[in-house]
Amino acid sequence: MTRHSIGKRDCNQHQRYVTKDLTLKYDRKRIKLKINDLTRGLIGKYIEVYKYGCGRIQVRANGVVLPHTV
């Protein structure tokens with residue numbers, strides 16, 4: 001876990017593994033990535049999950065925010 005300060009907001013960063021069905025587990029939740037050209041290439045790789053102090057979760061790969069559902 002890495003702690004970051006982005007602007008005035010603090011967040012925690014975690015790396016998670018993307019399964020073959022484009023899901024990952026975080027904080028006892030299953031996150032499903034929306035299928036697109038970028039996410040298809042992430043199967044079997046680790047991506048970053050950022051959790052902000054307000055509880056919001058943001059999923060990123062190579063600095064790009066990925067659309068997802070929880």
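Since the structure is predicted, the reported quantities are computational estimates derived from the model, not experimental observations. Note: hydrogens, waters and symmetry copies are ignored here, and every other heavy atom, side chains too, is used.
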Looking at I35, I'd like to know if its CD1 atom is crowded, meaning that more than 12 non-hydrogen atoms belonging to other residues, nucleotides or ligands lie closer than 6.0 Å. no
Flag side-chain contact, heavy atom, 4.5 Å: L42 against L66: yes
Test side-chain contact (heavy atoms from CB on, under 4.5 Å), reference I31, set V18, I57, L22, output is I57
Could you tell me the separation between the NZ atom of K34 and the NE2 atom of H68, rounded to the nearest 0.5 Å? 9.5 Å
Can you get from V65 to V49 by hopping between Ile, Leu, Val, Met, Phe, Trp and Tyr side chains that sit under 4.5 Å apart? no
From CG (N62) to CD (E48), nearest 0.5 Å: 7.0 Å
Which other residues end up in the same hydrophobic cluster as Y17, if Ile, Leu, Val, Met, Phe, Trp and Tyr are linked when side-chain heavy atoms come under 4.5 Å apart? Y46
Summary of side chain to side chain donor-acceptor pair (under 3.5 Å) pairs that have at least one residue in residues 35-45, sequence neighbours excluded: N36-T39, D37-R40
Can you list everything that forms a side-chain hydrogen bond (donor to acceptor under 3.5 Å, both in side chains) with Q58? Sequence neighbours excluded, please. Y52, R60
Greater than 12 external heavy atoms within 6.0 Å of D21's CG: yes
Quick one, L33 and I47 - any side-chain contact, counting heavy atoms below 4.5 Å? yes
I need the Q15 CD to L24 CG distance, nearest 0.5 Å. 12.0 Å
To the nearest 0.5 Å, what is the distance between OG1 on T69 and NZ on K32? 7.5 Å
